[in-house]
Amino acid sequence: MSLFKRTERPEERVAAGGNDGFSLLNANLTLTGDIESDGTVRIDGRLEGSVRRAAVVILGTGATINGNITAREVLVGGTVEGNIDAADRIELQPSAVVTGDIEAGAILIREGGVVRGRVNVHRQDGPAREKSRSSSRTPTVTMATPEPATGTAR
C-alpha cells in the first residue's frame, strides 16, 4: 500500500468520461445563497437558496433546502421547501418531505415519502418535454392530505 499514490488529474478524468464536478455541503454548515453547478451536488446541511443547473442533486436525510431545485436528476432524503424540476428523474426516500411542486420525467416515491404540492410527470424525450409543458393534456397527479369529514354518520 502506498501513502502517495498517483491520482488522475481532472483533465484525465474528463477525457475518460468521468464526472469532474462534485460539491458537498457538510451537515454542520448553513449556506445562504444560490448554488450553480454542472456536476453533482450533495447537501447534508442547510441551504437557504436554490440549486440551479446541476447534473445531480443529492439531499441527505437530515438536510434542508428552502428554495427551488433544478437539475437533471434529484435524490431527496431530507426536507425541501420549494419546487423541484428534474429533467430526467426524481427519487424521494422514506424520510423525504417536499413542500412544493415537482416536475420530472420520472418519479419514484418510496413508502413514507411526503409531497405537499402538485406532481407533474412528463415525457422524457427532449422536444416532447417542451411541448408537454405548454400542453393541457399533460398528466398531472395531485397529492394532498384528506380533509376531515363533516356532518353526522348515519
Nearest 0.5 Å please: distance from the [atom1] atom of [X] over to the [atom2] atom of [Y].
X	Y	atom1	atom2	answer
Asn68	Asp85	CG	CG	9.5 Å
Thr40	Leu24	OG1	CG	11.5 Å
Ile84	Ile65	CD1	CD1	7.5 Å
Thr64	Ile43	OG1	CD1	10.0 Å
Ile58	Ser23	CD1	OG	11.0 Å
Thr99	Glu81	OG1	CD	5.5 Å

Taking only residues two or more places apart in sequence, or in another chain, which ones meet Arg52 in a salt bridge (Lys or Arg N to Asp or Glu O under 4.0 Å)? Asp34, Glu36
Arg110: partners by salt bridge (Lys or Arg N to Asp or Glu O under 4.0 Å), with sequence neighbours left out: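 Counting only residues at least two positions away or on another chain, Arg110 forms a salt bridge (Lys or Arg N to Asp or Glu O under 4.0 Å) with Glu91.
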How far apart are the C-alpha atoms of Arg53 and Asp38, what are their side-chain angles, what is the distance that settles it, and do they pass the side chain to side chain contact (heavy atoms under 4.5 Å, CB included) test? CA-CA 6 Å; Arg53 205 186 54 160; Asp38 291 329; 3.5 Å; yes
Of all residues at least two apart in sequence or in a different chain, which pass the side chain to side chain donor-acceptor pair (under 3.5 Å) check with Asn26? none
Partner set under side chain to side chain donor-acceptor pair (under 3.5 Å) for Asp44, not counting sequence neighbours: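 Here the qualifying residues are Arg42.
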Taking only residues two or more places apart in sequence or in another chain, which ones pass side chain to side chain contact (heavy atoms under 4.5 Å, CB included) with Ala54?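 Testing Ala54 for side chain to side chain contact (heavy atoms under 4.5 Å, CB included), a comparison that skips the adjacent residues, returns Val41, Val51, Val57, Ala71.
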Can you list the residues that meet the side chain to side chain contact (heavy atoms under 4.5 Å, CB included) rule with Ser95, with sequence neighbours excluded?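 Here the qualifying residues are Thr61, Gln93.
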Which heavy atom of [X] sits nearest to which heavy atom of [Y], and what is that distance?
X	Y	result
Asn83	Asp101	OD1-N, 2.8 Å
Gly67	Val80	O-CG1, 4.0 Å
Leu25	Arg46	CD2-O, 3.7 Å

Tell me whether Leu29 is reachable from Leu59 by hopping between hydrophobic residues (I, L, V, M, F, W, Y) whose side-chain heavy atoms are closer than 4.5 Å. yes
Shared ILVMFWY cluster between Leu31 and Val74, side chains joined below 4.5 angstrom?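 Linked, Leu31 and Val74 end up in one cluster.
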Salt bridge (Lys or Arg N to Asp or Glu O under 4.0 Å) pairs touching residues 54-67, sequence neighbours excluded, are none
Tell me which one of Ile90, Ile102, Val98, Leu92 satisfies side chain to side chain contact (heavy atoms under 4.5 Å, CB included) with Ile109. Leu92
